[in-house]
Q: 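Handing you this structure, nothing more for now.
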Amino acid sequence: QVQLVESGGGSVQAGESLTLSCVPSGATSRFNCMGWFRQAPGKEREGVAAIHTDLRGGGSTFYADSVKGRFTISQDNAKNTLYLQMDSLKPEDTAMYYCAAGPPRRGWLRGEEYNYWGQGTQVTVSS
């Protein structure tokens with residue numbers, strides 16, 4: 001059974017930083033992509049960032065325009081951990097953030113393409 005556990009959320013002021021972590025377990029080797037998504041009350045789920053790993057060990061990253069230049073997704077294979085470094089946080093970044101895994105076929109930032117999800121970690125940014 002695949003499990004994803006997020007951590008690192010919290011409450012910060014605008015301009016500060018947070019780093020989210022996601023530790024997967026179970027049969028995750030078949031997944032070639034992991035991503036971060038967020039959802040705020042009254043808003044649609046938004047794909048934030050994704051990282052794709054090919055059979056050669058190389059990969060590509062993808063970001064939503066709203067976070068490009070401020071957020072960085074990375075993966076530490078030795079620690080089996082996915083990260084989302086969030087800098088220059090804005091109040092509009094406030095949301096529940098979810099880690100997801102799957103083999104998306106139609107879009108790296110489309111949530112419906114991912115199979116497994118973590119429980120979420122709350123990020124709150126005050127002005």
Side-chain angles (χ1 to χ4, degrees):
Q1 182 177 356
V2 174
Q3 292 183 312
L4 304 174
V5 180
E6 305 101 328
S7 63
S11 298
V12 298
Q13 295 184 1
E16 296 184 340
S17 300
L18 282 174
T19 300
L20 306 183
S21 300
C22 173
V23 180
S25 63
T28 61
S29 62
R30 67 181 183 276
F31 301 132
N32 64 358
C33 189
M34 297 190 71
W36 289 97
F37 297 80
R38 66 186 182 186
Q39 187 167 26
K43 296 183 178 180
E44 298 293 327
R45 180 176 59 192
E46 177 187 19
V48 175
I51 184 166
H52 171 262
T53 301
D54 60 31
L55 295 177
R56 297 180 179 179
S60 301
T61 56
F62 309 89
Y63 297 93
D65 289 340
S66 60
V67 306
K68 187 175 182 180
R70 299 188 298 118
F71 290 12
T72 303
I73 187 171
S74 62
Q75 193 167 266
D76 188 329
N77 293 327
K79 297 181 179 180
N80 193 34
T81 302
L82 179 73
Y83 299 98
L84 182 66
Q85 176 67 43
M86 305 184 294
D87 297 320
S88 301
L89 284 164
K90 304 175 181 179
E92 50 263 44
D93 294 319
T94 296
M96 183 72 74
Y97 283 71
Y98 299 90
C99 174
R105 298 177 183 275
R106 297 179 175 85
W108 306 116
L109 299 180
R110 296 177 62 87
E112 61 269 29
E113 297 294 311
Y114 290 77
N115 302 103
Y116 297 95
W117 296 79
Q119 80 288 350
T121 184
Q122 179 68 38
V123 172
T124 302
V125 185
S126 60
S127 61

Q: Verify the neighbour count for atom CD of E44: are there more than 12 heavy atoms of other residues, nucleotides or ligands below 6.0 Å?
A: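 Result for CD/E44: open.
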
Q: Quick check, are the ring centers of F71 and W36 under 6.0 angstrom apart?
A: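 Not under 6.0 Å, so no.
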
Q: Kindly work out whether a path of hydrophobic side-chain contacts (I/L/V/M/F/W/Y, heavy atoms less than 4.5 Å apart) joins I73 to Y116.
A: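 The answer is yes; both residues are in one hydrophobic cluster.
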
Q: Without hydrogens or angle criteria, can the side chains of Q85 and T19 be said to hold a donor-acceptor pair below 3.5 Å?
A: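 Judged by distance alone, the side chains do pair up.
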
Q: Among the clusters formed by ILVMFWY side chains lying less than 4.5 Å apart, do L84 and M96 turn up in the same one?
A: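 Cluster IDs for L84 and M96 differ.
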
Q: Considering all heavy atoms of both residues, which atom of R105 and which atom of E113 are nearest to each other, and what is their separation?
A: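 Distance-wise, the nearest heavy atoms are N-OE1, 3.2 Å.
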
Q: Please report the closest heavy-atom contact between A95 and A40, naming both atoms and the distance.
A: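 The answer is CB-N, 3.9 Å.
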
Q: Are any side-chain N or O atoms of Y114 and backbone N or O atoms of W108, one a donor and one an acceptor, separated by less than 3.5 Å?
A: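 Yes.
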
Q: So does V125 get a backbone contact from the side chain of T94, meaning a donor-acceptor N/O pair under 3.5 Å?
A: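 Yes, because the side chain of T94 sits within donor-acceptor range (under 3.5 Å) of the backbone of V125.
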
Q: Quick check: closest heavy atoms across G47 and A64, and the distance to 0.1 Å?
A: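 Where G47 meets A64 most closely, the heavy atoms are O-CB, 3.3 Å.
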
Q: Do E92 and S66 get their side chains close enough for a donor-acceptor pair, meaning under 3.5 Å?
A: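 The criterion, which ignores hydrogens and geometry beyond distance, is not satisfied for S66 and E92.
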
Q: Looking at E6, is its backbone amide N or carbonyl O close enough to the side chain of Q119 to form a donor-acceptor pair, meaning the two atoms are under 3.5 Å apart?
A: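 Judged by distance alone, yes, a pair lies under 3.5 Å.
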
Q: To the nearest 0.5 Å, what is the distance between OG (S127) and CD (Q13)?
A: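 If I round to the nearest 0.5 Å, the distance is 9.0 Å.
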
Q: So which of S25, P24, C22 actually passes side chain to side chain contact (heavy atoms under 4.5 Å, CB included) with N80?
A: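 Between N80 and the candidates, side chain to side chain contact (heavy atoms under 4.5 Å, CB included) is satisfied uniquely by P24.
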
Q: State plainly whether one hydrophobic cluster holds both L20 and V48, where clusters connect Ile, Leu, Val, Met, Phe, Trp and Tyr through side-chain heavy atoms under 4.5 angstrom apart.
A: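 Yes, L20 connects to V48 through the hydrophobic network.
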
Q: Are the side chains of N32 and P104 in touch, meaning some heavy atoms are under 4.5 Å apart?
A: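 Sidechains of P104 and N32: in contact.
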
Q: Could you pull out the closest heavy-atom pair between F62 and L109, with the gap in Å?
A: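 For F62 and L109, the tightest heavy-atom pair comes out as O-CD2, 4.3 Å.
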
Q: Knowing that exactly one of V12, T121, D87 qualifies, which makes a side chain to side chain contact (heavy atoms under 4.5 Å, CB included) with L18?
A: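 When V12, T121, D87 are each tested with L18, the side chain to side chain contact (heavy atoms under 4.5 Å, CB included) holds only for V12.
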
Q: I need the Q75 CD to L82 CG distance, nearest 0.5 Å.
A: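 Q75 atom CD to L82 atom CG measures 6.0 Å (nearest 0.5 Å).
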
Q: Identify the heavy atoms of M86 and Y97 that sit nearest to each other, and give their distance.
A: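 Closest heavy-atom pair between M86 and Y97: SD-CE2, 4.0 Å.
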
Q: Is there side-chain contact between V123 and R38, with at least one heavy-atom pair below 4.5 Å?
A: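 No, every pair of side-chain atoms sits at 4.5 Å or beyond.
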
Q: I'd like to know if F37 and L89 are part of one continuous hydrophobic network [Ile/Leu/Val/Met/Phe/Trp/Tyr, side-chain heavy atoms within less than 4.5 Å].
A: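 Result: no, two separate clusters.
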
Q: Looking at every non-hydrogen atom in both residues, tell me the closest pair between R45 and Q39 and how far apart they are.
A: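 Scanning both residues, the minimum pair turns out to be N-NE2, 3.8 Å.
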
